[in-house]
Chemist: 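Submitted below is the structure of interest, expressed as structure tokens.
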Amino acid sequence: QVKLVESGGGSVQAGGSLRLSCAGSGFTWSSYCMGWFRQAPGRERERVATIRTFYGFTNYADSVKGRFSISQDNTKNTLYLQMNSLKTEDTAMYYCAADRREGLTNCSPVSDAYDYWGQGTQVTVSS
């Protein structure tokens with residue numbers, strides 16, 4: 001059974017940093033695309049960053065490029081999202097997700113492509 005558990009959210013002032021973690025189990029880590037998505041109240045869920053775990057290829061939303069960094073620890077089946085220079089508009093529920101399609105070179109930015117989701121962790125950035 002695939003399980004994704006996020007942690008690391010919280011409240012921070014603008015300009016601060018947070019690191020989110022996502023512990024995965026029940027699947028072969030290197031086979032999947034993994035992603036971080038976020039959803040603010042009244043808005044659609046959007047891709048923040050993705051990583052093709054086997055190759056390490058990463059992609060980011062334009063709004064977070066240069067501020068956020070996605071990484072992984074294959075030995076721990078754990079995904080990370082380092083968030084620096086946080087802005088109030090980064091406030092959202094952040095979700096970890098896995099796309100079980102194997103053999104992908106690039107990960108989809110579309111949330112519907114992802115089969116497994118964590119419960120989410122809240123990030124609140126205040127001015």
Side-chain angles (χ1 to χ4, degrees):
Q1 180 181 357
V2 174
K3 189 173 182 181
L4 300 172
V5 180
E6 303 99 331
S7 61
S11 297
V12 64
Q13 288 194 320
S17 298
L18 283 173
R19 188 175 83 153
L20 306 183
S21 299
C22 171
S25 61
F27 62 100
T28 303
W29 184 262
S30 61
S31 298
Y32 289 11
C33 271
M34 300 295 297
W36 287 101
F37 290 77
R38 67 186 181 186
Q39 187 167 20
R43 302 192 65 176
E44 295 288 321
R45 187 170 295 188
E46 63 175 355
R47 182 272 312 258
V48 176
T50 59
I51 185 167
R52 177 66 176 94
T53 54
F54 185 81
Y55 299 107
F57 297 156
T58 59
N59 284 285
Y60 296 89
D62 288 343
S63 59
V64 306
K65 281 181 181 176
R67 300 188 298 122
F68 290 12
S69 178
I70 188 171
S71 62
Q72 59 178 333
D73 184 335
N74 289 347
T75 65
K76 298 179 180 180
N77 282 12
T78 301
L79 185 71
Y80 301 101
L81 184 68
Q82 178 66 43
M83 305 186 293
N84 299 326
S85 303
L86 282 160
K87 304 177 180 180
T88 55
E89 51 263 45
D90 294 319
T91 295
M93 185 71 78
Y94 283 71
Y95 298 91
C96 170
D99 177 352
R100 64 182 176 182
R101 293 176 295 167
E102 298 187 8
L104 297 177
T105 301
N106 292 305
C107 299
S108 172
V110 179
S111 61
D112 286 349
Y114 290 75
D115 307 283
Y116 304 107
W117 293 83
Q119 81 287 350
T121 185
Q122 178 67 37
V123 172
T124 302
V125 185
S126 59
S127 59

Chemist: Check whether any side-chain heavy atom of Gln82 sits under 4.5 Å from a side-chain heavy atom of Ser71, and report yes or no.
Modeler: no
Chemist: Any carboxylate oxygen within less than 4.0 angstrom of a Lys/Arg side-chain nitrogen, looking at Lys65 and Asp62?
Modeler: yes
Chemist: Over all heavy atoms of both residues, which pair between Arg47 and Pro109 is shortest? Give the atoms and the distance, please.
Modeler: CB-O, 3.3 Å
Chemist: Keeping Gln72 on the side-chain end and Thr53 on the backbone end, is there a donor-acceptor pair under 3.5 Å?
Modeler: yes
Chemist: Within the distance-only criterion (no hydrogens, no angle test), does the side chain of Thr88 pair as donor or acceptor with the backbone N or O of Ser127 below 3.5 angstrom?
Modeler: no
Chemist: Restricting to non-hydrogen atoms, name the atom on Arg45 and the atom on Ser111 that form the minimum distance, rounded to 0.1 Å.
Modeler: CD-CB, 4.3 Å
Chemist: Any side-chain heavy atom of Val48 within less than 4.5 Å of one from Tyr94?
Modeler: yes
Chemist: Are any non-hydrogen side-chain atoms of Leu86 and Gln13 less than 4.5 angstrom apart?
Modeler: no
Chemist: Side chains of Asn84 and Ser17 only: does a donor on one sit below 3.5 Å from an acceptor on the other?
Modeler: yes
Chemist: Are Val5 and Val2 linked, directly or through other ILVMFWY residues, by side chains that come within less than 4.5 angstrom of each other?
Modeler: no
Chemist: How would you list all residue pairs meeting ring-ring contact (aromatic ring centres under 6.0 Å, His included) that involve residues 30-50, not counting sequence neighbours?
Modeler: Phe27-Tyr32, Phe37-Tyr114, Phe37-Trp117
Chemist: So Arg67 and Asp90, do their side chains get closer than 4.5 Å, heavy atoms only?
Modeler: yes
Chemist: If you compare all heavy atoms of Gly35 against all heavy atoms of Leu79, which two are closest, and at what distance to 0.1 Å?
Modeler: O-CD2, 4.0 Å
Chemist: If you round to the nearest 0.5 Å, how far is CZ of Phe57 from OG1 of Thr50?
Modeler: 11.5 Å
Chemist: In terms of hydrophobic clustering (I, L, V, M, F, W, Y; side-chain heavy atoms under 4.5 Å; direct or indirect links), are Phe54 and Ile70 co-clustered?
Modeler: no
Chemist: Please check if any side-chain donor atom of Trp29 sits under 3.5 Å from a side-chain acceptor atom of Asn74, or the reverse.
Modeler: yes
Chemist: In terms of hydrophobic clustering (I, L, V, M, F, W, Y; side-chain heavy atoms under 4.5 Å; direct or indirect links), are Tyr116 and Met93 co-clustered?
Modeler: no
Chemist: Would a distance-only check, ignoring hydrogens and angles, find a side-chain to backbone donor-acceptor pair under 3.5 Å from Glu6 to Thr121?
Modeler: no
Chemist: Can you name the nearest heavy-atom pair linking Arg101 to Ala113, along with the distance?
Modeler: NH2-CB, 3.5 Å
Chemist: Determine whether Asp73 and Tyr80 make a side-chain contact, defined as any pair of heavy atoms from C-beta on separated by less than 4.5 Å.
Modeler: yes
Chemist: If a pair satisfies salt bridge (Lys or Arg N to Asp or Glu O under 4.0 Å) and one of its residues is in residues 106-121, list it, with sequence neighbours excluded.
Modeler: Arg100-Asp115
Chemist: Please round to the nearest 0.5 Å and tell me the distance separating atom SG of Cys33 and atom CG of Asn59.
Modeler: 9.0 Å
Chemist: Quick check: are there more than 12 heavy atoms from other residues, nucleotides or ligands sitting under 6.0 Å from CD of Glu44?
Modeler: no
Chemist: Evaluate Glu89 against Val125 for side chain to side chain contact (heavy atoms under 4.5 Å, CB included), listing each step before the verdict.
Modeler: CA-CA 8 Å; Glu89 51 263 45; Val125 185; over 6 Å; no
Chemist: Compare all side-chain heavy atoms of Lys87 with those of Ser63 and state whether any distance is below 4.5 angstrom.
Modeler: no
Chemist: Do Arg38 and Tyr95 meet the cation-pi criteria used here (NZ or CZ under 6.0 Å from the six-membered ring centre, within 45° of the axis)?
Modeler: no
Chemist: Which heavy-atom pair separates Thr78 from Lys76 by the least distance, and what is that distance?
Modeler: OG1-O, 2.9 Å
Chemist: I want to check something: taking the side chain as every heavy atom from C-beta on, are Leu104 and Arg52 in contact at a cut-off of under 4.5 Å?
Modeler: yes
Chemist: Counting distance only, does the side-chain N/O of Thr28 pair as donor-acceptor with the main-chain N or O of Ser30 below 3.5 Å?
Modeler: no
Chemist: Between OG of Ser7 and CZ of Arg19, what distance do you get to the nearest 0.5 Å?
Modeler: 9.0 Å
Chemist: Check Met83 against Leu20 and note the closest heavy-atom contact, atom names and distance.
Modeler: CE-CG, 3.7 Å
